[in-house]
Colleague: 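This is the structure I have questions about; it appears just below.
Note that the structure is predicted; figures quoted are calculated from it, not measured. So you know, we letter chains A, B, ... as the sequences are listed, proteins then strands, and number each from 1.
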Number of protein chains: 2
Amino acid sequence: MRRDIFQAIADPTRRAIMGLIAVQAMTPNAIAEHFNTSRQAISKHLRILSECELLQQEQKGREIYYQLEINKMKEIDQWLAQFKAIWENRFNELDNILATLKNKTDENESTI
Amino acid sequence: MRRDIFQAIADPTRRAIMGLIAVQAMTPNAIAEHFNTSRQAISKHLRILSECELLQQEQKGREIYYQLEINKMKEIDQWLAQFKAIWENRFNELDNILATLKNKTDENESTI
DNA sequence: TATATTTGCAACTAATTGGTTTCTTAATTT
DNA sequence: AAATTAAGAAACCAATTAGTTGCAAATATA
């Protein structure tokens, strides 16, 4: 049952939960009200997110407020960086091609 | 069998495949040599990636060269943007607090 | 033409997943 | 003190998943 953050975000309900508690901490019951599934199902999702260290929790009486541990999300960004490097590089290459084409056009224009 | 890009990247083998063919196109056999699993298993992963529109393929004789469709990866970046906005915002807030603290210190120093 | 190679597809299996129901614990309210 | 509320845990179920084995189609080579 080794879980990682990529498995955590694979489920659409979990992604929705993450969006919900990204800014504001919420209790499991409050979260469950936003979905069609049972509180227990949400509770299991919260446990999975928790195992991935994606949650902060604060107990207040018998309520537990969960909030997204936003710093953990940087791990996805870091993984994505290798691909971002490629698409930005290709964009720059395209940029160079366009610039070269433009220069050639300018040269042609100057000979008119 | 509705697949999305988040499910595609949930599997560690698939993420490894993606890293492998991000820069250079490769055949299924060549990809499979990098892993402990069978060629058929890799083939299934490629099919899943394909269904998520994460692959470009080019047939050359009886070989098929697969390459990552890097533009599709931007979808993850777009989803991540909402969280990035939060962590950058919090960083700026921290920045402001530090700046305020520094100003106060400067004021105190000027009264010495 | 016969054989070998590359690949995809279908059927099957074991493990995992997301969900439900039921139960327990702990904290509040009446 | 009794009833209610919030939440986690365990047992179970249907669906999905990642993998295997076996096979068929297409291309290349002898």
Colleague: When all nucleic acid strands are considered with a 4.0 Å heavy-atom cut-off, which category describes B/Ile31: base, sugar-phosphate, or nothing?
Modeller: nothing

Colleague: Which value, rounded to the nearest 0.5 Å, describes the distance between B/Thr13 atom OG1 and B/Ile31 atom CD1?
Modeller: 12.5 Å

Colleague: Which nucleotide sits closest to the side chain of A/Arg3: D/dT17, C/dG19, C/dT17?
Modeller: C/dT17

Colleague: Given atom CD1 of A/Ile17 and atom P of C/dG19, what is their separation to the nearest angstrom?
Modeller: 9 Å

Colleague: Would you kindly give the CG-to-C1' distance between B/Asn36 and D/dT20, to the nearest whole Å?
Modeller: 15 Å

Colleague: Which of these passes salt bridge (charged side-chain N to carboxylate O under 4.0 Å, His left out) with A/Glu53: A/Arg3, A/Lys74, A/Lys72?
Modeller: A/Lys72

Colleague: So, using side chain to side chain donor-acceptor pair (under 3.5 Å) as the criterion, who are the partners of B/Asn29 when residues are at least two apart?
Modeller: none

Colleague: Can you tell me how far CD1 of A/Ile9 sits from CD of B/Gln7, rounded to the nearest 0.5 angstrom?
Modeller: 11.5 Å

Colleague: Side-chain heavy atoms under 4.5 angstrom apart, residues restricted to Ile, Leu, Val, Met, Phe, Trp, Tyr: same cluster for A/Tyr65 and A/Phe35?
Modeller: no

Colleague: Using only side-chain N and O atoms of B/Ser38, determine if any of them is under 4.0 Å from OP1 or OP2 of D/dG19.
Modeller: no

Colleague: Quick check on DNA chain C: between A/Arg14 and B/Tyr66, whose nearest nucleotide comes earlier from the 5' end?
Modeller: B/Tyr66

Colleague: What is the distance from CD of A/Gln59 to P of D/dT5, rounded to the nearest Å?
Modeller: 19 Å

Colleague: What's B/Leu46 touching, base or sugar-phosphate or nothing? Going by heavy atoms closer than 4.0 Å.
Modeller: nothing

Colleague: Report whether A/Phe83 and B/Leu20 are members of the same hydrophobic cluster (ILVMFWY, side-chain heavy atoms less than 4.5 Å apart, transitive linking).
Modeller: yes

Colleague: Using atom CD1 of A/Ile48 as one end and atom P of C/dG19 as the other, report the distance to the nearest whole Å.
Modeller: 9 Å

Colleague: Where the side chain of A/Thr13 is defined as all heavy atoms beyond and including C-beta, which of D/dG19, C/dG19, D/dC23 is the nearest nucleotide?
Modeller: C/dG19

Colleague: Between C1' on C/dG18 and CD1 on A/Ile9, what's the gap in Å once rounded to a whole number?
Modeller: 17 Å

Colleague: Taking only N and O in the side chain of B/Ser43, is any of them less than 4.0 Å away from OP1 or OP2 of C/dG8?
Modeller: yes

Colleague: Is any N or O donor-acceptor pair between the side chain of B/Gln40 and the base of D/dG22 shorter than 3.5 Å?
Modeller: yes

Colleague: Taking CG from A/Asp4 and C1' from C/dT16, how many angstroms apart are they, rounded to a whole number?
Modeller: 14 Å

Colleague: B/Leu49, A/Trp79: one ILVMFWY side-chain cluster at the under-4.5 Å cut-off?
Modeller: yes

Colleague: In whole angstroms, how far is the C1' atom of C/dG8 from the NZ atom of B/Lys44?
Modeller: 12 Å

Colleague: Please pick, from C/dG18, D/dT16, D/dG19, the nucleotide with the shortest atom-to-atom distance to any side-chain atom of B/Ala41.
Modeller: D/dG19

Colleague: So does A/Gln7 get a side-chain nitrogen or oxygen closer than 4.0 Å to the phosphate oxygens (OP1/OP2) of C/dT17?
Modeller: yes

Colleague: What is the distance, to the nearest angstrom, from the NE2 atom on B/His45 to the P atom on C/dT7?
Modeller: 17 Å

Colleague: Applying the 4.5 Å side-chain criterion to the ILVMFWY set and letting contacts propagate, would A/Ile86 and B/Ile21 be lumped into a single cluster?
Modeller: yes

Colleague: For nucleotides 2-6 of chain C, list the nitrogen or oxygen atoms of the protein found under 3.5 Å from its nitrogen or oxygen atoms, one pair per line.
Modeller:
residue, atom, partner, partner atom, Å
C/dT5, O2, B/Arg62, NH1, 2.9

Colleague: Where each residue is assigned the nucleotide of DNA chain C containing its nearest heavy atom, which of A/Asp11 and A/Lys60 is assigned the position nearer the 5′ end?
Modeller: A/Asp11

